[in-house]
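Fair warning: this is a prediction, and the values are worked out from it, not measured in the lab.
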Amino acid sequence: MQNYNRTSILIFFAVTAALMSAIPMMNLSSSGFSNNLYSFDLALRFTSRIVHNWGISVDPPQAVVGTEGWLHLGDYYRATISDDRRHATEADLAEAARLKAAALAWGHKLRRRGVQAYLILVGPNKSSIYPETVPVWAQPSQNGPIDALLINPGPHYVDLRAALIGEKRDTPLPLYYPSDTHWNMLGAGTAFRSLSDRAKDMGLPIRWPSREVYAITGSPKRQGGDLARFLHLEADLSDADPQLSVNDWPTTVIQRDWTSGQILNTGPISQIQSPSSPLLVESSGALNDAKVLWLRDSFGVAMSPFMAATFSNVLQLRWDQAYSDNVLLELVRSFKPDYVFVTVVQRDARSAQFTALPPAHELP
């Protein structure tokens, strides 16, 4: 194995050296005369095409090449690989205690404001659900820092890993995009069913979509995702993109800027990007005439159609914009939600914002 790795590295450097000498000619042949003959973009793409097949990344901090054609996030983003590989420490256990204490404090504060449920869904890193596609040297630990939080999650955290692993066994399609960091609609639908299961266990008066809504209606190909872009391979790689029946839910969705009331978009159910300012999503055909304050990140994109089908009014905001300067309490005061749900990817779930306690004073 060591000889194989050494040979691969030597080949990589040999190819790179050859390409360095050929860069000007490559740029000329691609775009004619150029003032930037030594641009590395074309060379990087060409190199990446070759070494990707050997399991080598041209940008390991951003993305690493796994097995079976899968890509995984590198250490540039919250030291994702290094964090997943190590065992939980006493410091991680203490941090988990602070996270759960903060969630309990927020739950108590929000109940006093009329909120019936406060739930935090942790979207697993792709490597947690598909460890067999991770390089051997980057295998996630069986007792990592996230386990310190989720082994005994308390009343507010929702661990989605078991549901996703179970769904993975039951479907031939992937739940995450192989060339992207995110889950697809199939994975998001599984997570949303876990939310409904927890709500049912709590006895919340919510009508949830039937199983038919989660039926796969097609699986077209889409261009390579964010990890492929990091490696300049977005045009060379593609992923299956499962589509579910929820896309055909009979409703009109209005997206409205919460602060100004201005209508930004009107149309059928669609995926909504993570908003950096409060966005109100109104659904005329939702199952419940209820208000949800949804603090989310980009893992909420594929989940947004399920939210629109289930709740008539969903006020959305990135979670990292909410846990500071009384923003969360101000939105609760003005919007008066029935429920507050949070979706956060695993690598961000232990961020300092989630350890912050709510302010002691009450807003008027």
Side-chain angles (χ1 to χ4, degrees), residues 77-78 99 102-103 106-107 110 115 117-126 156-160 163-164 175-177 180-196 198-199 206 209 225-226 246 253-259 264-265 269-283 286 288 290-324 327-332 335 337-354 356:
Y77 300 92
R78 292 193 177 274
L99 288 163
W106 276 108
L110 296 176
V115 175
Y118 172 61
L119 295 174
I120 304 171
L121 285 73
V122 178
N125 294 342
K126 185 166 67 173
H156 297 292
Y157 278 93
V158 181
D159 185 358
L160 304 173
L164 287 161
L175 308 179
Y176 287 66
Y177 297 113
D180 197 283
T181 55
H182 300 89
W183 54 29
N184 53 37
M185 286 199 76
L186 200 54
T190 303
F192 196 75
R193 287 203 303 273
S194 293
L195 172 62
S196 70
R198 171 62 76 87
I206 301 173
D226 53 7
V246 69
V253 176
I254 299 173
Q255 298 181 39
R256 191 187 303 273
D257 179 80
W258 171 248
T259 303
L264 304 177
N265 188 57
I269 273 186
S270 62
Q271 297 188 11
I272 298 174
Q273 298 300 313
S274 186
S276 57
S277 60
L279 176 72
L280 180 61
V281 178
E282 303 169 309
S283 306
N288 301 273
K291 294 181 177 180
V292 171
L293 175 56
W294 184 21
L295 309 179
R296 47 162 293 196
D297 56 16
S298 56
F299 264 55
V301 173
M303 192 184 287
S304 54
F306 300 98
M307 283 286 188
T310 307
F311 303 105
S312 60
N313 291 271
V314 181
L315 182 58
Q316 305 185 18
L317 179 65
R318 283 192 57 89
W319 60 261
D320 56 0
Q321 304 292 317
Y323 289 95
S324 62
V327 172
L328 174 50
L329 287 181
E330 171 57 29
L331 290 176
V332 170
F335 182 53
D338 301 293
Y339 313 102
V340 176
F341 298 142
V342 183
T343 53
V344 56
V345 65
Q346 174 183 326
R347 60 182 170 272
D348 289 331
R350 297 180 297 115
S351 297
Q353 288 98 320
F354 291 110

Worksheet entry | For P305 against I269, the heavy-atom pair lying closest together | CB-CG2, 3.4 Å

Fill in: Nearest-0.5 Å distance, NE2 of residue H182 to CE of residue M303
12.0 Å

Worksheet item: If every non-hydrogen atom of A103 is compared with every non-hydrogen atom of I120, which pair is closest and at what distance?
Response: CB-CD1, 4.3 Å

Practice prompt. Search all heavy atoms of Y177 against all heavy atoms of K126 and return the closest pair with its distance.
Written response: O-NZ, 3.0 Å

Discussion item. Is there a side-chain contact between L121 and F299 in this structure, where contact means two heavy atoms from C-beta onward sitting under 4.5 Å apart?
Written reply: no

Fill in: Heavy-atom closest pair, residues L160 and V122
CD1-O, 3.5 Å

Worksheet entry | Check: L315 main-chain N/O paired with K291 side-chain donor or acceptor under 3.5 Å | no

Item to complete: Could you grab the distance from atom CG of D320 to atom CZ of F354, nearest 0.5 Å is fine?
Response: 8.5 Å

Practice prompt. State which residues pass side chain to side chain contact (heavy atoms under 4.5 Å, CB included) with D348; sequence neighbours excluded, sorted by chain then number.
Written response: R78, W319, V344, V345, S351

Discussion item. With side-chain contact (heavy atoms from CB on, under 4.5 Å) as the criterion, how do V115 and L293 come out once you've worked through the C-alpha distance, each side chain's angles and the decisive distance to 0.1 Å?
Written reply: CA-CA 10 Å; V115 175; L293 175 56; over 6 Å; no

Worksheet entry | From CA spacing to verdict: side-chain contact (heavy atoms from CB on, under 4.5 Å), L164, Y176 | CA-CA 10 Å; L164 287 161; Y176 287 66; 3.9 Å; yes

Worksheet item: Counting N and O atoms only, with roles assigned by atom type, does the side chain of S312 sit under 3.5 Å from a partner on the main chain of S283, one being a donor and the other an acceptor?
Response: no

Worksheet entry | Derivation of the side-chain contact (heavy atoms from CB on, under 4.5 Å) call for V246 and F192 | CA-CA 12 Å; V246 69; F192 196 75; over 6 Å; no

Practice prompt. State whether the side chain of Q255 and the backbone N or O of N265 hold a donor-acceptor pair below 3.5 Å, judged by distance alone.
Written response: no

Worksheet item: Hey, what do you get for CG (L119) to CG (L195), rounding to the nearest 0.5 Å?
Response: 6.5 Å

Discussion item. Using 0.5 Å steps for rounding, measure from the OG1 atom of T181 to the CZ atom of R347.
Written reply: 5.0 Å

Worksheet item: Are R318 and D297 side-chain neighbours, meaning at least one heavy-atom pair lies under 4.5 Å?
Response: yes

Worksheet item: Going through the distances and angles, do V301 and R296 end up as a side-chain contact (heavy atoms from CB on, under 4.5 Å)?
Response: CA-CA 9 Å; V301 173; R296 47 162 293 196; 3.5 Å; yes

Practice prompt. Working to the nearest 0.5 Å, report the span between CE of M185 and CZ of F306.
Written response: 4.0 Å

Using a 3.5 Å cut-off and no angle test, enumerate the donor-acceptor pairs between side-chain atoms of residues 275-282 and protein atoms at least two apart in sequence or in another chain.
residue : atom : partner : partner atom : Å
E282    : OE1  : R256    : NE           : 3.3
E282    : OE1  : R256    : NH2          : 2.9

Worksheet entry | Where A286 and A308 come nearest, the two heavy atoms and their spacing | CB-O, 3.7 Å

Worksheet item: Are side-chain heavy atoms of R350 and L99 found at a separation under 4.5 Å?
Response: yes

Fill in: Option among Y118, Y157, Y323 that satisfies the ring pair (Phe, Tyr, Trp, His ring centres under 6.0 Å) test with W106
Y323

Worksheet item: For A188 and W183, which heavy atoms make the closest approach, and how far apart are they?
Response: CB-NE1, 3.7 Å

Item to complete: To the nearest 0.5 angstrom, please state how far the OG atom of S274 sits from the CD atom of Q316.
Response: 8.0 Å

Practice prompt. Would you please indicate yes or no on a ring centroid separation below 6.0 angstrom for F311 and W294?
Written response: no

